[in-house]
Each structure stands twice: as C-alpha cells, then as structure tokens.
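Numbering starts at 1 and runs along the sequence shown. Side chains included, hydrogens not; waters and symmetry mates left out as well; all remaining heavy atoms used.
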Amino acid sequence: MRSDNIKKGINRTSHRSLLRACGLNDEDMKKPFIGIANSYTDIVPGHIHLKDLVKTVKDTIRAEGGVPFEFSTMAVCDGIAMNHEGMYYSLPSRELIANTVESMAMAHQFDALILMPTCDKVVPGMLMAAARLNIPSIVITGGPMMPGKFRGEIVDFINVTEAVGATQAGKMSEEDLYELEKCACPGAGSCAGLFTANTMACLTETLGMSLPGCATAHAVSDKKVEIAEKSAKAIFKLIENDIKPSDILTQEAFENAIIVDLALGGSTNTTLHIPAIAHEVEGLDVTIDLFDKLSHEIPYICSIRPGGNNHMIDVDNAGGIPAVMKNLESKLNTDCMTVTSQKVSENLKEVTNIDYNVIHTIDEPVRDEGGIAVLYGNIAPNGSVIKQGAVNEDMLIHSGPCKVFNSEEECVTAIENGKIVDGDVVVIKYEGPKGGPGMREMLNPTAAIMGRELFHVALITDGRFSGGSRGPCVGHISPEAAENGPIAAIQDGDIVSINVKERSINLELSDDEIRERLSKVKHVERNLKGWAKQYQQLATSADKGAVLK
C-alpha cells in the first residue's frame, strides 16, 4: 500500500507514534488509508451540508475495512463574492484547492481519495488534483439546491439578481424584491439551475469520476446520502482493481464531457475548467477548438435555466445524466472506464426511464447545435465563447455601437444611470485572468441588463460570465486587454459585429488601425499584493484554461 511509506517498518516507528496520537491501533496500520477532501464551510450554501454527508462516508469506510482521514479545503461562493473585490479570488481559488489536495495527499501518502466538492471552482480544483496525483479517486459532488417558490412560480438565485435590476428600473417594488430574496434559495446545495457548479457536477459524472446519478441527486435528498455510501464502497474496488484517474480521464472521456456539456447548454466556464483538468494529464489535446468542432455536431437537447425554464430537479426526475448520456449514446465514446469499475456502455445498459419532455432526443432537439459556440475575429484572434443556448434567435446576429468600460464597476454604474440603450454593444475590458486579475464573472452587469428588459444589448468582455448569465454575452476574449489584445483598442462609438451562426466577432476597423491604436494604449494597472499579485504574474490566457505557468 502507498500508505506503507508512513506506517511500515522500523524506520517508520516515529510516524506510527504520531498516528497513534490520532487514535489508530495495530489493526488500523494494516488497513488502507483513505483521504477525504471535504470542502465544508459555513458560508457557502452549496457546502453547508457536507459536514453531515461526510459522516456517512467515514462510517462506510470504517465498515468496509479502511481508515478515513478527513481534511479541509477552501470554497468560494461566487454569488456572495460577486460584484466586489472578492471575485478577484474566485477563479484563483481553483489552483489553491488543487494544490491543497495535492499537498495533503502527498504529505500523508493516502492510498486513495474521496473528493467532496460542490461549487464552481471546487469541483475542477479537486479534479485537477486527482489527475495530478493519479491515485484511486472518486468524487461525490454535493448536489443542487431545491428551487424556491415565489407567488406560485418556481424561482432561483438568478431570479433575484435580475430582480435587482428590475427594481432599480422601477419595474418591481422593493417589497416584492425582499419577499423574493427570502424564498429563492431555500437551503443547502448549489444554485438550482444549470449554472457552473451543476454543469461541472454533470461533467464530473460524464467523465466517469462520480457514480451515475450523483450530479443531479439533490443536496438534501436521501438519494445523495445513498450515493455517498455507495461511493465510499466503490473506492475499495478502485483500489483492488488499481483503477486510477489516468485510466478514466482519457481523451475520449473529455470528448464525452464536452458532448454532454454542449447537449445540456452548460456554463461557458467549462471552456476554462475542462482544458485545465486535461492539462494535468500528459498527452491530451483538449482546447476550446474541440468545443468549437463538436458544437457543430452535437444538438442542444435540454432546456434548463438560464437557457430554459427547467431546473436541476426536473433533470433528476427525468433520469439525470445517465438519461442524457443514453440519448447521446450514438455520439459518445462508450468504451471509457468509470469509477463504477465498469465502462460507460455497461453503466448505460439499464437506463430506460427517460422523460423526453425534459431530455429531448437528438432527432428532436431544442436546437440543432450545441449550447456553447466559440467565436473568432479581429478582436478575438485566439477565440471567445458564448452560451448560444441562452441567446434569443433574434440576437444571434447583432451589430451596434460600443460603450466601453475598463472595469465591471464602471459598467454597472452606467447601466444604473440609464446610459445603456437597446442596440448597444457593452465592452468590459481589463477583467481577464491577468487584467482583473482572476477573470471576474460579469453576472451583475448581465442581470442588470436583463432586469431592465434591454433584450437587444450585447455584452463582450475578456472576463467571464456566471453560469446563470443569459443573453448575447461573449466572454473569454483572447488575448485579453492586459496582454495588449485587440480588445484594448476598442473605443466608444466603434462598431462591433457579432455573428454566432458564422462564429465571428469583429471590430469594424482595419488591421492597421487596430495596430496603431494598440501602440498608443495606456493599459490599466491594478495596485495588487499577496496572492492576487502572484496569480497575475503566473496566469495564462482564457483560451489556455487560465492555468498557471
């Protein structure tokens, strides 16, 4: 066992002495040591229940003949960190989480890992660590929150963010907003639509790193507890069969994940996280170009919030990710290994009960193309991304004059002051991985625009968007402004043309004029210190997954 490095032989006497201080006895020294990376915290709704869920995991490990060692990782709630300096730390937390799990597993020589994340950056951070460490590992994602009810209508966190804009525009009373605030997020779990956290949970299951049904099993359900128990049992089979992440996280598995992502209309943040996870596995080629290629081939078959009206509870009742994968079976690589110790094809054999009103067939999709599109052009030569599944048909092609801002805050102030009108193209620059730093999510501007019913306004940025954003929002524009990307050259009044159908985004200026402007640009500089400064110095561009180098 790997853990023999800290418990076997006379040279490890002092190590065993310390382990005995933790309550271990002679019999425990013969058992596999199972590390449990638990991202429980009191301030993140997606994680508040993990303190209780981990008890099921630990009890099962003991009953199965192992020794559980729980340790903590951090978690950021993007909704709480949104629209202030805290969002600078959200994407960078992914790297800290990966490094924390790596550090604990290497220092203490665990034989295997059980990873317990829920929210946006915690899921990819833990998967990056699992790929890096390459010891038997299984993921138990924490599960979605139940949706709320407001005057007979089903609501979620995004309803609240958009209602703020509606209230500021005089379209909703403050009393109604307060009533919505109190009921939209009724308890534990990741926000109830197909936002980033739930998208990443779905892709974790598709990759084969969590058990079938795990992604959509809700945080407060008995089903989630049952899956936690089954996962703790499954880790012993992975150890016995020596099935490691490198056996599961193959090129074909990542292609499966992107296919399911496109079919679901998942968060654009996956174009950061999937390449970042793949970056930890030697020899893979997973880039935004792969998203672009597959988006032409894979139909959009699930209309889930924010692109539609269904919530994660509807997807779970319709059969969950196994049902989605069954519908896509002809498009998938079904020979991939999973944490069930079986291949995808074997996992899908018994999947029959599917609600086709929620999970459409590929022959009768919601739309013919996948939910994410990758756009290129003279302001995004290295690419940009848009959640086309959440864009109305009449805005898939748009051209308009620019209103340019050097930060999210400047843009929000302009929206609140009524300076943005239908037809505009809002440009927010210096919010990329280096420019922010940390590539902040622009949920507040998009929610403010939607709340004011400015349905014919496009927003483009070198930053990124919340999985809950909807509308014609183009993010991840690369290279970013801070790296002298062409977006830095855009000025008020310039015309930008977006054509999602043709995968293009262009500034209506000549290449010579853009180069001339860039030679004179005075770039925005941030007064940074600590981790934010370190991250800025090390972060790569969005089209590379914003990994550190």
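Judged by distance alone, the side chains of K121 and S90 do bring a donor and an acceptor atom under 3.5 Å apart. With hydrogens and angles left out, the side-chain atoms of E441 and N269 include a donor and acceptor closer than 3.5 Å. Between the side chains of D363 and T361, no donor N or O sits under 3.5 Å from an acceptor N or O. Between the side chains of N99 and R132, at least one donor N or O sits under 3.5 Å from an acceptor N or O. Side chain to side chain, N347 and T338 meet the donor-acceptor criterion of an N or O pair below 3.5 Å. Side-chain contact of S267 with T199: a donor-acceptor pair under 3.5 Å is absent, judged by distance alone. Side-chain atoms of S3 and D111 include a donor-acceptor pair closer than 3.5 Å. Using modelled atom types, one finds a donor on one side chain and an acceptor on the other under 3.5 Å when comparing D156 with H311. A donor-acceptor contact under 3.5 angstrom links the side chains of Q109 and N5, judged on distance only. No side-chain donor from either of N310 and R305 sits under 3.5 Å from a side-chain acceptor of the other. Between N256 and T206, the side chains place no donor N or O within less than 3.5 Å of an acceptor N or O (distance only, hydrogens not considered).
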Go through K237 and E240 one step at a time and tell me if the salt bridge (charged side-chain N to carboxylate O under 4.0 Å, His left out) criterion holds.
-> CA-CA 5 Å; K237 198 168 184 181; E240 179 185 347; over 6 Å; no
In sequence, state the C-alpha distance, the side-chain angles, and the governing distance for F254 and L284, and then conclude on side-chain contact (heavy atoms from CB on, under 4.5 Å).
-> CA-CA 9 Å; F254 280 101; L284 301 189; 3.5 Å; yes
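In this structure, the separation between NE2 on H47 and CG on L53 is 12.0 Å, given to the nearest 0.5 Å. Distance check, rounded to the nearest 0.5 Å: CD of E229 to CD1 of I140 gives 10.5 Å. How far OG1 of T216 is from CG of D314: 11.0 Å, rounded to the nearest 0.5 Å. Rounding to the nearest 0.5 Å places CD1 of I304 at 6.0 Å from CE of M312. Atom OG1 of T204 is separated from atom CD1 of I277 by 6.5 Å, given to the nearest 0.5 angstrom. A distance of 9.0 Å separates CG of L194 from OG1 of T196, quoted to the nearest 0.5 Å.
Annotation: side chain of V220 is not in contact with side chain of H49 (no heavy-atom distance under 4.5 Å). The side-chain heavy atoms of L272 and L91, taken from C-beta on, include a pair separated by under 4.5 Å. Residues T540 and P433 fail the side-chain proximity criterion, which asks for heavy atoms closer than 4.5 Å. Put simply, the side chain of F33 reaches to within 4.5 Å of the side chain of L24, judged on heavy atoms.
Closest approach of V339 and A234 over heavy atoms only: O-CB, 4.1 Å. Minimum heavy-atom separation, Y535 to A546: OH-O, 3.6 Å. Scanning all heavy atoms of the two residues, the minimum distance from A75 to S39 falls at CB-O, 3.8 Å. The shortest non-hydrogen separation linking A215 to T141 is CA-OG1, 4.0 Å. When all heavy atoms are compared, the tightest approach of V101 to L115 is CG1-CD2, 4.0 Å. Here the closest non-hydrogen pair linking N134 and K244 is O-CD, 3.1 Å.
Checked for salt-bridge contact, K223 and D316 meet the test: a charged N lies under 4.0 Å from a carboxylate O. Here K31 does not pair with E27 in a salt bridge; the nearest charged N to carboxylate O distance is not below 4.0 Å. A salt bridge links K230 with E226: the distance from a Lys NZ or Arg NE/NH1/NH2 to an Asp or Glu carboxylate oxygen falls below 4.0 Å. A salt bridge links E162 and R470; the closest N-O separation between the charged side-chain nitrogens and carboxylate oxygens is under 4.0 Å. Remark: E346 does not engage K349 in a salt bridge, criterion side-chain N to carboxylate O under 4.0 Å. Ion pairing of D59 with K55 is present here, as a side-chain N (NZ or NE/NH1/NH2) and a carboxylate O approach within less than 4.0 Å. Classification of K30 and D28 as a salt-bridged pair fails, no side-chain N sitting under 4.0 Å from a carboxylate O.
A cation-pi arrangement is absent between R2 and F110, since the terminal nitrogen or guanidinium carbon is not both under 6.0 Å from the aromatic centre and inside a 45° cone about the axis.
The 12-atom threshold is not exceeded at CG of N309, counting heavy atoms of other residues, nucleotides or ligands nearer than 6.0 Å.
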